[in-house]
Amino acid sequence: MAGTRVKARGESVFAERFAVFAECLLTGVWIAVASLGVVTYPAAFAAGARHLRRRTAHEGGGWREFVADFRTALRGGWLAGLAGWAAVAAVWVDVQAARAGIPGGPLVGALGVLALIGLVVAGLRAAAVWEPGTRWRTLLAHAGRRTVLDPAGSFLIVGGLAVVAVSAWFAAPLALPVLGAVAAAAVAVEERYRHR
C-alpha cells in the first residue's frame, strides 16, 4: 500500500543511503522509459519525484505506484511537455538566427538558451512538488518564481543537468539512470526551499 510506512530494518546509515542512491538510479530508468512518449517527460519526472519522496519518507511504493502517478500526472502534463518542445523549437530558431549573422543574433541566441535553461529548471521544480489533483499551470507558475527567488537551488539543478549531459557524452546509457539523480536533486532543492 502506498500510504503505509515501511518498517525500519536496522540498516546502517551507509546501507540506507546507498539504497536511496540505488533507488534514484532505478527511478531514472523508469523516468526514461515513461518519457518515450516525447511529450510525457513532465509526467515522468513528476511520478519519479513522488516515488523518491515516498522512498525517503520510508513509505511503501514501487513500480505500480509510479505507473499510477504517471497516468495521473499525464492528464495535464502532456500539455506542459508540448509547451516545452515549443520552447526548444523557438530557441533553435534563435540559435539559427545567431549563426546566420543577423544583427543582434548572438545576443538573442544567448538569451534564448538562458531562458530555456530557466524553463527546464522551473519544470523540474514543478515536477518535484507535483501531487495528484494539482494543476500544471499553477505548479509551473509557482516553480518559475522559486527558480528566480532561489538561485542557489536552481544552480544545483543546473549542475544535475550538466551531469546528465556529461554522462550522455561519455556513455549514452549512463544518462538514463542519472535522470533519477536529477529528480532527487529537484526534490532536495524543493525541500531545502520549503524549510528556509
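In this chain, numbering begins with 1 at the start of the sequence shown. Computed from a predicted structure; not experimentally measured. Just the heavy atoms: all of them, side chains too, but no hydrogens, waters or symmetry mates, feed the values below.
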**Message:** Holding to side-chain hydrogen bond (donor to acceptor under 3.5 Å, both in side chains), I want the full list of residues that pass it with Glu191, two or more places apart in sequence or in another chain.
**Reply:** Arg194, His195

**Message:** So that I can tick it off, tell me whether Asp69 and Arg54 are bridged by a salt bridge, with the cut-off set at under 4.0 angstrom between side-chain N and carboxylate O.
**Reply:** yes

**Prompt:** Are Trp136 and Val129 linked, directly or through other ILVMFWY residues, by side chains that come within less than 4.5 angstrom of each other?
**Reply:** yes

**Prompt:** Quick one: do Val120 and Trp78 end up in the same hydrophobic cluster if we chain Ile, Leu, Val, Met, Phe, Trp and Tyr together by side-chain heavy atoms under 4.5 Å apart?
**Reply:** yes

**Message:** Does anything in residues 78-105 form a salt bridge (charged side-chain N to carboxylate O under 4.0 Å, His left out)? List the pairs, not counting sequence neighbours.
**Reply:** none

**Item:** Heavy-atom check, side chain of Leu74 versus side chain of Phe70, under 4.5 Å
**Value:** yes

**Request:** Let me see the working for Glu23 and Leu26 under side-chain contact (heavy atoms from CB on, under 4.5 Å), right down to the final yes or no.
**Result:** CA-CA 5 Å; Glu23 195 71 31; Leu26 176 63; 4.2 Å; yes

**Request:** Treating Ile, Leu, Val, Met, Phe, Trp and Tyr as nodes and any side-chain heavy-atom pair under 4.5 angstrom as an edge, say whether Val88 and Val95 lie in one connected cluster.
**Result:** yes

**Request:** Give the cluster check for Val163 versus Val166: same hydrophobic cluster or not, with ILVMFWY residues linked at side-chain heavy-atom distances below 4.5 Å.
**Result:** no

**Request:** State, to 0.1 Å, how close Gly180 and Leu52 come at their nearest heavy-atom pair, and which atoms those are.
**Result:** O-CD1, 3.6 Å

**Request:** Please assess His51 against Thr56 for the test side-chain contact (heavy atoms from CB on, under 4.5 Å), listing each intermediate value before the final yes or no.
**Result:** CA-CA 9 Å; His51 171 73; Thr56 56; over 6 Å; no

**Request:** Please report the closest heavy-atom contact between Leu140 and Ala122, naming both atoms and the distance.
**Result:** CD2-O, 4.2 Å

Below 3.5 Å, can you tabulate the donor-acceptor pairs from side chains in residues 28-45 to any protein atom, sequence neighbours excluded?
residue: Ser35; atom: OG; partner: Ile31; partner atom: O; Å: 2.8
residue: Thr40; atom: OG1; partner: Ala34; partner atom: O; Å: 2.5
residue: Thr40; atom: OG1; partner: Gly37; partner atom: N; Å: 3.4
residue: Tyr41; atom: OH; partner: Gly81; partner atom: O; Å: 3.1

**Message:** Would you say CZ of Arg135 has more than 12 non-hydrogen atoms from neighbouring residues, nucleotides or ligands within 6.0 angstrom?
**Reply:** no

**Asked** Going by an N to O cut-off under 4.0 Å, is there a salt bridge joining Glu65 and Arg50?
**Response** no

**Asked** In terms of ring plane angle, is the pair Phe18 and Phe21 parallel, tilted or perpendicular, where the classes change at 30° and 60°?
**Response** tilted

**Prompt:** Who pairs with Arg75 by side-chain hydrogen bond (donor to acceptor under 3.5 Å, both in side chains), at least two apart in sequence or on another chain?
**Reply:** none

Using distance only, find each side-chain donor-acceptor pair of residues 153-161 under 3.5 Å and give its atom names and separation, not counting sequence neighbours.
residue: Ser154; atom: OG; partner: Arg125; partner atom: NH1; Å: 3.1
residue: Ser154; atom: OG; partner: Thr147; partner atom: O; Å: 2.8
residue: Ser154; atom: OG; partner: Asp150; partner atom: O; Å: 3.2

**Prompt:** Is it the case that one hydrophobic cluster holds both Trp85 and Val121, taking links as side-chain heavy atoms less than 4.5 Å apart, direct or via other members?
**Reply:** yes

**Greater than 12 external heavy atoms within 6.0 Å of Arg192's CZ** = yes

**Complete:** Scanning both residues in full, the closest heavy-atom pair of Val91 with Gly112 reads CG2-O, 3.2 Å

**Request:** Please collect all salt bridge (charged side-chain N to carboxylate O under 4.0 Å, His left out) contacts where either partner lies in residues 161-172, sequence neighbours excluded, each pair once.
**Result:** none

**Request:** Keeping the roles fixed (side chain from Arg53, backbone from Ala128), state whether a donor-acceptor pair exists under 3.5 Å.
**Result:** yes

**Item:** Atom pair CG/OG of Leu179 and Ser167 - distance to nearest 0.5 Å
**Value:** 9.0 Å

**Asked** Taking everything shown except Trp63 itself, do over 12 heavy atoms lie less than 6.0 Å from its CH2?
**Response** yes

**Request:** Could you check Thr72 against Trp130 for side-chain contact (heavy atoms from CB on, under 4.5 Å), going step by step and ending with a plain yes or no?
**Result:** CA-CA 10 Å; Thr72 303; Trp130 175 85; 3.9 Å; yes

